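To keep things clear, I will list the structure first and then write my remarks on it.
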4 protein chains.
Amino acid sequence: MSTPLRGGQAREDELLSATLDVLREVGYSRLTVDGVVSRARASKATVYRRWPSKSDLIVAAFVNATRDLPSERDTGSLRGDLIAALGDILHELDRFGDVMVDLLGELGRNPELASTIRDGYIAMRRETLTAAFARAQDRGEIPPDVDVKPLWELAPAVIFFRRFNLGEPFGVDDVREFVDNVVLPLALRPSAG
Amino acid sequence: MSTPLRGGQAREDELLSATLDVLREVGYSRLTVDGVVSRARASKATVYRRWPSKSDLIVAAFVNATRDLPSERDTGSLRGDLIAALGDILHELDRFGDVMVDLLGELGRNPELASTIRDGYIAMRRETLTAAFARAQDRGEIPPDVDVKPLWELAPAVIFFRRFNLGEPFGVDDVREFVDNVVLPLALRPSAG
Amino acid sequence: MSTPLRGGQAREDELLSATLDVLREVGYSRLTVDGVVSRARASKATVYRRWPSKSDLIVAAFVNATRDLPSERDTGSLRGDLIAALGDILHELDRFGDVMVDLLGELGRNPELASTIRDGYIAMRRETLTAAFARAQDRGEIPPDVDVKPLWELAPAVIFFRRFNLGEPFGVDDVREFVDNVVLPLALRPSAG
Amino acid sequence: MSTPLRGGQAREDELLSATLDVLREVGYSRLTVDGVVSRARASKATVYRRWPSKSDLIVAAFVNATRDLPSERDTGSLRGDLIAALGDILHELDRFGDVMVDLLGELGRNPELASTIRDGYIAMRRETLTAAFARAQDRGEIPPDVDVKPLWELAPAVIFFRRFNLGEPFGVDDVREFVDNVVLPLALRPSAG
DNA sequence: TCATAAGCGAGACGGTACGTCGTGTCTTACG
DNA sequence: CGTAAGACACGACGTACCGTCTCGCTTATGA
């Protein structure tokens with residue numbers, strides 16, 4: 001496979017892709033810029049011209065990889081929407097979970113990085129989920145007096161917690177069960193609070 | 001098992017305490033072994049004799065600090081127990097949250113570390129919370145047909161998610177609100193699933 | 001053989017010169033690589049990239065310093081040549097004697113180092129002295145049947161012995177006396193052995 | 001072989017003997033006190049109670065080993081005395097040469113050590129040789145107007161120089177040749193200076 | 001017969017230097 | 001001009017050694 005476009009955007013993608021590869025192979029803490037550079041047959045200057053630090057590079061690789069993910073799923077029912085959106089999240093955690101959890105520690109120390117991640121990937125996922133709740137309320141599926149705002153984060157929080165804090169698998173069946181036993185009962189109950 | 005380190009145990013505590021101090025002052029990534037060593041007026045050999053690497057040292061400091069935390073709170077009501085236990089967690093996150101979230105990334109790559117953390121701190125917190133639910137069910141506060149097993153993780157997961165993924169504060173008021181609007185309704189609802 | 005270290009050659013000289021400075025200031029055993037590095041405003045990697053160990057660095061500094069020393073002295077007489085050459089040696093011992101005597105112990109354990117020193121500095125000094133004897137014999141100053149081969153080492157051996165084994169000073173006057181009373185009588189005596 | 005006398009002088013000899021063993025095995029620079037201690041199944045305190053530093057220990061080992069060496073050889077002729085005494089030196093260099101040459105570097109930095117070595121081993125050897133010249137002059141073997149003072153060091157200096165500076169062997173035949181071609185001609189020549 | 005002390009083995013300790021490795025900056029030469 | 005190659009300053013890591021220290025154990029006496 002030749003590389004007809006070495007400069008510009010194509011090179012950038014190669015670099016980020018190499019970064020992601022290394023990231024998945026050795027993990028965040030054992031990734032070195034030299035390792036990325038040598039895998040991409042690049043020069044350190046080429047990397048540092050684009051991203052001022054190692055963590056910027058890693059973030060860029062993450063952002064680049066999560067930029068074009070499936071969003072807006074309208075299946076017609078809240079349950080369908082939730083299961084679809086949470087299934088997407090599950091799939092993304094399979095691919096990027098280890099990177100995400102490594103980045104998490106950085107977020108507290110690097111506000112700029114935090115904004116990037118939170119305004120990017122996380123906001124996107126929140127949007128998808130809150131939109132599903134909003135549509136359900138518009139459709140009358142959810143009582144109008146139920147406060148749907150805090151509901152979107154329940155499933156993501158538990159998925160993340162189970163997977164990374166507890167180290168237990170959390171699959172599509174678990175998603176379905178959680179939606180049916182926790183999220184929907186809270187969304188549909190007659191009187192809130 | 002004899003104790004050749006009889007006087008050494010005290011030194012160990014000093015070292016871990018110094019580690020924790022430095023950890024809180026400069027954060028996980030900026031902590032240096034030299035910094036710990038100089039604060040404890042110790043020698044690097046003294047540290048490396050006990051913990052083979054910097055991350056082992058940090059883990060030990062974390063484990064040591066979370067070993068003797070308040071547990072078993074019996075306030076007489078599920079609501080009181082939950083709020084007390086979650087308040088403890090909030091307080092622990094204030095003190096060790098940054099370390100915990102940094103450690104999280106390591107868990108996936110270091111199974112031994114994962115066991116240590118999960119069988120230690122996390123299991124302890126789960127115990128406290130599941131015991132609260134069990135007592136409530138024994139008392140008849142919760143209907144006997146409700147499956148309380150998955151309930152304990154809801155609040156910790158959301159606390160963790162809010163604080164580290166979303167970067168939003170989560171205080172005692174939020175705990176109370178979450179318990180009242182999410183946990184208790186799920187625990188007390190007449191018919192489960 | 002290309003020279004990827006083109007600018008590096010100058011750096012190399014700076015490093016060796018700094019090494020020699022430190023060597024003369026604090027002595028062989030108290031020299032530290034960090035000391036050299038900090039004096040040269042260099043990095044340890046810069047030193048270790050070139051010389052794999054501290055002793056290699058010191059040897060290189062010594063070899064570099066003794067590479068371009070005055071040689072070929074032709075004063076017209078054997079006595080003059082000898083006094084000039086031995087005076088050079090005296091001067092070199094003043095500058096590098098401590099390093100040389102420290103190196104001496106290493107020579108027995110490090111054959112490569114031994115070759116370097118012996119084929120370098122020592123061979124150079126032997127050349128100068130044996131050439132002086134050869135010229136004297138060519139001029140007829142020394143009887144043709146005298147074996148001049150073993151004569152060159154007499155004065156250096158005694159100078160070295162006096163200075164380092166006995167710890168007594170050995171100056172230009174002593175050189176003159178030694179040449180007049182020992183070397184020249186042996187060289188000029190009518191019948192050898 | 002049992003160790004009936006563990007304390008006192010016997011232990012001291014064991015320690016010095018272990019030191020000498022290690023010294024001959026790994027050389028001065030690679031000798032460690034821990035190595036000596038572990039070979040002698042001793043404790044560091046036991047060593048440091050007797051000798052305040054590593055170099056003191058090594059010097060003591062050397063001094064202990066060279067304490068009882070053959071001295072005063074009176075063969076009846078200067079030639080015989082010289083060859084006998086120089087043969088002793090050759091033998092001692094075979095056994096302790098590497099240690100001596102390593103110590104040489106220390107002498108310049110450690111005046112106390114220098115006195116010990118110079119007033120001990122070296123003075124002893126000088127005594128033996130100058131005594132041989134004195135006896136020869138008393139016997140009339142050497143003309144009374146010859147200054148024998150500087151003659152004693154010629155052979156030791158050359159032996160040392162050849163062996164350590166040049167790295168060439170110097171055996172009994174070389175001693176004989178040197179005595180016959182250099183020392184005796186200088187001692188016996190009719191008019192000095 | 002016992003206790004009190006002195007020497008000992010074992011090895012932890014503070015300190016210092018070593019040699020390695022990673023980051024981010026910079027220079028050189030090539031295309 | 002952007003790039004590959006890689007030298008460079010900085011600084012942390014983990015190791016090794018020195019000389020000091022503390023701990024029990026053993027032995028060798030003195031009561």
Side-chain angles (χ1 to χ4, degrees), chain A residues 6-8 11 15 29-35 37-38 40-57, chain B residues 2-8 11-12 15 29-38 40-57, chain C residues 2-8 11-12 15 29-38 40-57, chain D residues 6-8 11 15 29-35 37-38 40-57:
Chain A
R6 289 200 68 78
R11 195 80 186 100
L15 294 169
S29 67
R30 275 183 284 278
L31 174 144
T32 69
V33 178
D34 285 305
V37 145
S38 108
R41 293 199 65 81
S43 159
K44 289 174 77 170
T46 305
V47 167
Y48 279 99
R49 182 171 304 115
R50 293 170 160 79
W51 305 283
S53 79
K54 169 179 152 172
S55 56
D56 288 286
L57 169 64
Chain B
S2 67
T3 55
L5 297 179
R6 232 243 303 82
R11 197 76 185 99
E12 193 147 325
L15 293 169
S29 68
R30 271 183 290 277
L31 174 143
T32 68
V33 177
D34 285 301
V36 171
V37 145
S38 108
R41 287 199 68 81
S43 160
K44 297 224 280 189
T46 302
V47 168
Y48 281 99
R49 189 175 302 120
R50 297 160 199 277
W51 305 283
S53 76
K54 171 177 150 172
S55 59
D56 287 284
L57 169 65
Chain C
S2 66
T3 56
L5 297 178
R6 232 243 303 82
R11 198 77 186 97
E12 193 148 323
L15 293 169
S29 67
R30 272 182 291 278
L31 174 144
T32 69
V33 177
D34 286 301
V36 170
V37 145
S38 108
R41 286 200 69 80
S43 160
K44 297 224 278 188
T46 303
V47 167
Y48 282 99
R49 188 175 303 119
R50 298 161 199 277
W51 304 284
S53 76
K54 171 177 149 172
S55 59
D56 287 284
L57 169 64
Chain D
R6 288 202 68 75
R11 194 81 188 98
L15 294 169
S29 67
R30 275 183 283 278
L31 174 145
T32 69
V33 177
D34 285 302
V37 144
S38 109
R41 293 198 65 80
S43 160
K44 289 174 78 171
T46 304
V47 167
Y48 279 99
R49 184 173 303 118
R50 293 168 160 79
W51 305 283
S53 79
K54 170 178 152 172
S55 57
D56 288 286
L57 170 64

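Here is how names work: the chains are called A, B, and so on, in the same order as the sequence lines, proteins then strands, and each is numbered from 1. All values reported here derive from a predicted model rather than from experimental measurement.
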Checklist outcome for this item: Nearest heavy-atom contact between B:Leu15 and B:Val36 is O-CG1, 4.2 Å

Item to check | Closest-nucleotide 5' rank along DNA chain E - winner of D:Ala42 and A:Thr32 | outcome: D:Ala42

Checklist entry - How far apart are the closest heavy atoms of A:Ala42 and A:Arg11, and which atoms are they? => result CB-NH2, 3.5 Å

Checklist entry - Just checking D:Leu57: base, sugar-phosphate only, or nothing, at a heavy-atom cut-off of under 4.0 Å? => result nothing

Next on the checklist: For a quick test of reading the model: is some side-chain N or O of C:Arg49 closer than 4.0 Å to OP1 or OP2 of F:dC8?
Outcome noted: yes

Checklist entry - Between D:Val47 and D:Lys54, does a side-chain contact (heavy atoms from CB on, under 4.5 Å) hold up when you go through it step by step? => result CA-CA 9 Å; D:Val47 167; D:Lys54 170 178 152 172; over 6 Å; no

Next on the checklist: Does F:dC8 have its OP1 or OP2 closer than 4.0 Å to a side-chain nitrogen or oxygen of C:Arg50?
Outcome noted: yes

Item to check | Between C1' of E:dT20 and NZ of B:Lys44, the distance in whole Å | outcome: 12 Å

Checklist entry - What's the verdict on side-chain contact (heavy atoms from CB on, under 4.5 Å) for D:Tyr48 and D:Leu57, showing C-alpha distance, side-chain angles and the deciding distance? => result CA-CA 8 Å; D:Tyr48 279 99; D:Leu57 170 64; over 6 Å; no

Checklist entry - F:dC13 C1' sits how many Å from A:Arg30 CZ, rounded? => result 15 Å

Item to check | Upstream residue (5' side of DNA chain F) when B:Ala45 and B:Tyr48 are each assigned their closest nucleotide | outcome: B:Tyr48

Next on the checklist: For B:Ser53 and D:Ser55, find the nucleotide of DNA chain F closest to each by heavy atoms; which residue's nucleotide sits nearer the 5' end?
Outcome noted: B:Ser53

Next on the checklist: I'd like to know if the side chain of A:Arg41 reaches the main chain of A:Val37, judged simply by a donor and an acceptor atom lying under 3.5 Å from each other, with no hydrogens or angles considered.
Outcome noted: no

Checklist entry - What is the nucleic acid contact for D:Leu15, judged by heavy atoms within less than 4.0 Å: base, sugar-phosphate only, or nothing? => result nothing

Next on the checklist: Looking at D:Ser43 and E:dA10, is any side-chain donor or acceptor paired with a base atom of the opposite kind under 3.5 Å?
Outcome noted: yes

Next on the checklist: Given E:dG9, E:dG24, E:dG22, identify the nucleotide with an atom nearest to the side chain of D:Arg11.
Outcome noted: E:dG9

Checklist entry - Between E:dG14 and B:Thr46, is there an OP1 or OP2 to side-chain N/O distance shorter than 4.0 Å? => result yes

Checklist entry - What's the CG-P distance between B:Asp34 and F:dC10, to the nearest Å? => result 17 Å

Next on the checklist: Quick check on F:dC8: is either OP1 or OP2 less than 4.0 Å from any side-chain nitrogen or oxygen of C:Arg41?
Outcome noted: no

Checklist outcome for this item: When rounded to whole Å, the CG to C1' distance for the pair C:Leu31 and E:dT16 reads 14 Å

Item to check | OP1 or OP2 of E:dT23 under 4.0 Å from side-chain N/O of A:Lys54 | outcome: yes

